[in-house]
Structures are given as structure tokens and as C-alpha cells.
**Q** 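Structure below; questions to follow.
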Amino acid sequence: MNLDEIGPWSEIKLDILRDYAAPYSRILKSNGFHHGYIDAFSGPGLHVRKADGEEIMGSPLVALGVEPPFDEYHFIDLDGEKVDFLRSQVGGRPDVTFYNADSNQVMLESVLPRFAYAKRNRALCVLDPYALTLDWRVVSAAGKSQAVEVFINFPVMQMNRNCKKKDISEILPGELNAMDRFWGDRSWHSAMFRPSAQTNLFGDEELDKTENRDLVNAYCKRLKEVAGFGFVAEPLAMRNSINAVVYYLIFAGPNKTGWRIVQDIYRKYAST
């Protein structure tokens, strides 16, 4: 199959996952927790570096290489060709389950119910959706479980391109519905258009100088106050070759230890 090309920001995301998954797995294993890894939009497991065409391991293969290993792995994708390709890379392993289905449905009905605070099992979950296909109900269920830590791709560039219109009636119905589903309600619109302190000589609003920080911060507030995550790290801006923010990488979880580790990792990459 034709593998997707990825830019340097995607490689940084994979490095962050690698840097966090290893201590996460080690800490849980040493404390006797059964723990799993969930990739809700897994893709084929391999990508191609845009700059030179070299093959790069995707998040599922990165997770499978973590030591000590997770006790179980769940790889989900709606694209059957990608699932089959990933299966060919992984081989037959009893600790890996593949799902060729809608990720939101599988997460809510089959995967997230496996993990709960009272069961003394935990999970690390990557939510890196194609476009705005992530359902807030998945995020909320993960938070309320008190057992799942998540990395979320917050696709601010796409949100701006498709939904940043003050008159909601100008937004295409499909994009509007997708944004509502991603956010969980319509409050995203007021967060996107908070009054700007910056105006030009004509009294008009300046271009966004905060790189949509109000919007991503409002989502992080929802993660704590609505979804019930105890700790949310400062979002990390992922930038393209012209230094524009493509998306924010958000971490949320139920305990302070994970939050501290991610904060340290984020600081390292924010300075590069």
C-alpha cells in the first residue's frame, strides 16, 4: 500500500510517545498493574519521511517496541487496508487485538470498558484522529474511568480552515457537526472568538497573535471540568516547516506522576 508521508512534527510526536511510554510501562509493571496500550486511529504502522523517503515506524510499532511490554494492545482503524498492513507488520500475537471498524464505537463499546480504576488496570491511549473524527464521548469516557491516560491531537489548523467563521450559518453542515462532536457541545464557537486585545489602526481585529491558545486552553479546561481528568499538561504546539502551528499535542491523565513526566518531556521538545 502507499504509505502516508509525515513531516518533522509527526516524528517529534512519535519521539514523545516513545519517551513517555517506557517509564509509564515500567512504573505500572513495577506496581503490579495490568496495563494496556490503545491506538484508536492506528494507521498502517509505517510512514514515509517527507524529506528523504525513509520509512518511519508509526505509533503502533513504537508502542510494541517499548520495554517492559504492555500486557495488551488494541489497534483500531476504519480503513481495512491499513489494518491488514499493520497486521502483516505485527504478525500473530495473542496480546494484540485488531479492529477494522469505527474507532469511536469500538472505544466506547469494547475497549474502554476493559479499563477502570476499581479493576486495578490502566491504559495509555493515543487519539490521533483523521480530521475531526474523534467523538467527545470517547474522551469523556476515558476521563471518567480514572484509569486511562490520553495523548490527543488537537487539529487547530483544520479547525481554523473549516470552522473559524463568526456567522455559524456560513460553516458547512458537515464541518459544523464534526466540530460539535469533537468538542462535545457548541461552546467552542465562543472560545474561538474571544475578544482580542490587539487591534490595528482601523479598529479591526488583528490576526491571531496567540496561535489559538484561547481555544486549546478552553478545550483543556473541558478535559478537567467536564471529562474529569485530574491533570492536563500544558499543550505542546506542533509546528510545520514555516513555523505555523499544525496542531497541539494534549496530554491528560488521572495522576500527577504521569503529568510531571510529560511536562518534563514537553519542555525538552518546546525548546528545540
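Hydrogens, waters and symmetry mates are skipped; everything else that's a heavy atom, side chains included, is used. Here the structure is a predicted model, which is why all the values come from computation and not from measurement. The first residue of the sequence shown is numbered 1, and numbering continues consecutively from there.
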**Q** Please report the C-alpha distance between Y248 and N212 in whole Å, then the side-chain angles of each, then the deciding distance to 0.1 Å, and finally whether the side-chain hydrogen bond (donor to acceptor under 3.5 Å, both in side chains) criterion is met.
**A** CA-CA 10 Å; Y248 286 93; N212 298 282; 5.9 Å; no

**Q** Just by distance, do the side chain of Y117 and the backbone of K144 share a donor-acceptor pair under 3.5 Å?
**A** no

**Q** For the residue pair I76 and S103, what are the closest heavy atoms and their distance?
**A** CG2-OG, 3.5 Å

**Q** Tell me whether L132 is reachable from L172 by hopping between hydrophobic residues (I, L, V, M, F, W, Y) whose side-chain heavy atoms are closer than 4.5 Å.
**A** no

**Q** Does the ring-ring contact (aromatic ring centres under 6.0 Å, His included) test come out yes or no for F151 and Y20, once each step is laid out?
**A** CA-CA 10 Å; F151 281 102; Y20 183 69; 5.7 Å; yes

**Q** Is there a continuous path of hydrophobic side-chain contacts, each under 4.5 Å between heavy atoms, that joins L78 to V111?
**A** no

**Q** For a 4.5 angstrom cut-off between non-hydrogen side-chain atoms, does F75 reach L64?
**A** yes

**Q** Look at the side chain of N104 and the backbone N and O of T133, then say whether any donor-acceptor pair between them is shorter than 3.5 Å.
**A** yes

**Q** Side chains of V216 and I250, heavy atoms from C-beta outward: is any pair under 4.5 Å?
**A** yes

**Q** Apply side chain to side chain contact (heavy atoms under 4.5 Å, CB included) to E72 and F115, showing your working.
**A** CA-CA 11 Å; E72 57 184 89; F115 302 95; 3.5 Å; yes

**Q** Using the rule given for ring-ring contact (aromatic ring centres under 6.0 Å, His included), can you reason through W183 versus Y219, listing the C-alpha separation, both sets of side-chain angles and the distance that settles it, and then say yes or no?
**A** CA-CA 7 Å; W183 196 272; Y219 186 81; 5.4 Å; yes

**Q** Is it the case that the side chain of N160 and the backbone of K164 share a donor-acceptor pair, with hydrogens and angles ignored and the cut-off at 3.5 Å?
**A** no

**Q** So, taking the atom named CD1 in I265 and the one named CG in L17, what distance separates them when rounded to the nearest 0.5 Å?
**A** 9.5 Å

**Q** What are the two closest heavy atoms between A270 and L236, and how far apart are they?
**A** CB-CD1, 3.8 Å

**Q** Could you pull out the closest heavy-atom pair between D52 and E54, with the gap in Å?
**A** OD1-N, 3.0 Å

**Q** So, D71 side chain and H35 main chain: donor-acceptor pair closer than 3.5 Å or not?
**A** yes

**Q** Is a side-chain N or O of S42 found less than 3.5 angstrom from the main chain of P60, in a donor-acceptor match?
**A** no

**Q** Are there over 12 heavy-atom neighbours, none belonging to R137, within less than 6.0 Å of that residue's CZ?
**A** no

**Q** Are W188 and M159 packed together at the side-chain level, in the sense that at least one heavy-atom pair is separated by less than 4.5 angstrom?
**A** no

**Q** Can you measure from CG (D39) to CG (L124) and round to the nearest 0.5 angstrom?
**A** 9.5 Å

**Q** Other residues, nucleotides and ligands only: do more than 12 of their heavy atoms fall within 6.0 Å of CG on N31?
**A** yes

**Q** Checking Y269 against D19: is there a side-chain donor and acceptor pair closer than 3.5 Å?
**A** yes

**Q** Counting C-beta onward and ignoring hydrogens, is there a side-chain heavy-atom pair between E175 and M179 closer than 4.5 Å?
**A** no

**Q** Could you tell me which non-hydrogen atom of S88 sits nearest to which non-hydrogen atom of F85, and how far apart they are?
**A** OG-O, 2.5 Å

**Q** Would N240 and M157 count as a side chain to side chain contact (heavy atoms under 4.5 Å, CB included) if you check the C-alpha gap in whole Å, the side-chain angles of each, and the deciding distance to 0.1 Å?
**A** CA-CA 11 Å; N240 61 16; M157 181 175 281; 4.1 Å; yes

**Q** Compare all side-chain heavy atoms of R120 with those of F33 and state whether any distance is below 4.5 angstrom.
**A** yes

**Q** List the atom of S190, the atom of S187, and the distance in Å for their closest heavy-atom pair.
**A** OG-O, 3.0 Å

**Q** Out of curiosity, I12 CD1 to I6 CD1, how far, rounded to the nearest 0.5 Å?
**A** 10.5 Å

**Q** Look at the side chain of D180 and the backbone N and O of R186, then say whether any donor-acceptor pair between them is shorter than 3.5 Å.
**A** no

**Q** Decide side-chain hydrogen bond (donor to acceptor under 3.5 Å, both in side chains) for H47 and E11; before the verdict, give the C-alpha distance in whole Å, the side-chain angles of both, and the deciding distance to 0.1 Å.
**A** CA-CA 10 Å; H47 306 291; E11 291 193 63; over 6 Å; no

**Q** What's the verdict on side chain to side chain contact (heavy atoms under 4.5 Å, CB included) for N100 and F98, showing C-alpha distance, side-chain angles and the deciding distance?
**A** CA-CA 7 Å; N100 177 201; F98 299 92; over 6 Å; no

**Q** With side chains defined as the heavy atoms from C-beta onward, is the minimum distance between Y37 and V66 less than 4.5 Å?
**A** no

**Q** In Å, rounded to the nearest 0.5 Å, how long is the span from CD1 of I168 to CD of E170?
**A** 10.5 Å

**Q** So do L134 and I152 actually touch side chain to side chain, heavy atoms under 4.5 Å?
**A** yes

**Q** Tell me, please, which residues at least two apart from E109 pass side chain to side chain contact (heavy atoms under 4.5 Å, CB included).
**A** Q105

**Q** Does the pair K29/E67 count as a salt bridge with the N-to-O cut at 4.0 Å?
**A** no

**Q** Hey, is NZ on K221 packed in by over 12 heavy atoms from elsewhere, all under 6.0 Å?
**A** no

**Q** Decide yes or no on side chain to side chain contact (heavy atoms under 4.5 Å, CB included) for Y24 and L28, but give the supporting numbers first.
**A** CA-CA 6 Å; Y24 173 88; L28 288 179; 3.1 Å; yes

**Q** Would you check if D95 and Y73 make a side-chain contact, meaning some heavy-atom pair closer than 4.5 Å?
**A** yes

**Q** How long is the gap from CD on Q263 to OH on Y266, to the nearest 0.5 Å?
**A** 8.5 Å

**Q** In Å and rounded to the nearest 0.5 Å, what is the CD to CZ distance from E55 to R49?
**A** 11.5 Å

**Q** Ignoring hydrogens and geometry, is there a side-chain-to-backbone donor-acceptor pair from S140 to W136 under 3.5 Å?
**A** no

**Q** Taking the side chain from N153 and the backbone from Y247, do they hold a donor-acceptor pair closer than 3.5 Å?
**A** no

**Q** Please check this pair: side chain of S25 against backbone of A22, looking for a donor-acceptor N/O pair closer than 3.5 Å.
**A** no

**Q** Walk me through whether E234 and R213 qualify under salt bridge (charged side-chain N to carboxylate O under 4.0 Å, His left out).
**A** CA-CA 10 Å; E234 182 71 18; R213 276 288 176 177; 3.2 Å; yes

**Q** Looking at every non-hydrogen atom in both residues, tell me the closest pair between V232 and W259 and how far apart they are.
**A** O-NE1, 3.4 Å

**Q** Give a yes or no answer on whether the side chain of R18 reaches the backbone of V62 with a donor-acceptor pair at less than 3.5 Å.
**A** no

